[in-house]
Amino acid sequence: MNGHALKKSLQILTLLLFAGTLFSCRPRESLGNAAGEGLILGFSQIGAESAWRNCNTRSIQEAAEEKGVQLLFENAEQKQENQIKALRSFIVYQVDVIAFVPIVADGWDNILREAKEAGIPVLITDRKINTADNSLYAGFIGTDSFREGQEGARFLLRKFASADSVRIVEIQGTEGSSVAIGRAEGFREGLAGQDKFEIIHSVSGDFLRSKGYELMRGILRRYDGIDVVYSHNDGMTLGILDAIREVGLAPGKDIVIVTIDAEQAAIDALKRGEVNCVIECNPKMGPAIIELAEKLARGESIPPFQHVHEVVFSEYDDLSSIEPRGY
Ligand code: GZL
């Protein structure tokens, strides 16, 4: 048997073992009332790239355990092809409901059509997809990234009300993700017509701290007179702060910092005056996801779009009242 044939056989064997260990394929009509009793939810998570993502994962796992939902949880390690494989394996096992975070917005129609043909409802969470056929999924629950971008702009309009010129560096999230697109578009919409604001450089840091640090080091060597860094997540911001301090500048004072997620480390930096505005993006959507999955398993309809509640923290607020963030 040649190497390729051996690899394929091992893959099939692994797939069957995975099916055998977790549960046998069962006729879907054998479900109980599917309100958490015997409900099997297949969940594809994008990875563990940030404190936000890890909190999002914990929230889903804890909510599933709380409600007695059997969770098949797959970590895609930042690869869309791993997510598509995971969704296909959920279809093979005939889970009751599929939920996933689409790492990027495009490329989901085919696998969602397979789920629809298998009669398995799909819940999209956190990030959105681009599709011409909204019947391919049952609903969405997640964050409103466009509004998050607008909030960043709103803070700068106040902060720089009397300035004549404001030079902005933007460090974006994962290229092609609905979140990076929304945060960029909302930010630009919020500054529309305000010609004194200029985005002098925009680049993707993929939501990673290490990339935020490396990119900011290069940008500081290339540009003088940076007034603002608008960073799409706190993980990258922590790297950006390190790079700014390394060149002897004071983040939060020499360079205004606007960041999104509201993880504890960013709130602590806000309290220290190293960050100026932190826009919450709420990762704790596990209970809502499980509730929606139970409804779908009972054959009930759910809202097509549901945004989680989010707030803004800035230097203009009473920071002593902020509760511990839990991520
Ligand atoms: C936002 C979420 C983003 C976070 C990042 O809804 O998709 O992904 O802002 C995370 O921290 O990596």
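First listed ligand is number 1; within each ligand, the first listed atom is number 1. What you see is a predicted model, and the numbers here were worked out from it, not measured in a lab.
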Exercise. Which value, rounded to the nearest 0.5 Å, describes the distance between Tyr327 atom OH and Asn282 atom CG?
Worked result: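 The OH atom of Tyr327 sits 6.0 Å away from the CG atom of Asn282.
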Exercise. Heavy atoms, side chains only, cut-off 4.5 Å: are Val122 and Phe100 in contact?
Worked result: yes
For this session: For atom CD of Glu65, decide whether the heavy atoms of other residues, nucleotides or ligands shown that lie under 6.0 angstrom number more than 12.
Result: no
Problem set entry | ligand 1: protein residues within heavy-atom distance under 4.0 Å | Glu49, Ser50, Trp52, Arg53, Asp126, Arg127, Thr143, Val179, Arg183, Phe207, Asn233, Asp261, Cys281
Problem set entry | All ring pair (Phe, Tyr, Trp, His ring centres under 6.0 Å) counterparts of His307, not counting sequence neighbours | none
Problem set entry | Polar side chain donor-acceptor pair, Ser135 to Asp133, under 3.5 angstrom |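 Yes, a side-chain donor-acceptor pair sits under 3.5 Å.
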For this session: May I ask you to decide if the ring planes of Phe155 and Tyr316 are parallel, tilted or perpendicular, using 30° and 60° as cut-offs?
Result: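 Tilted, since the angle between the ring planes falls between 30° and 60°.
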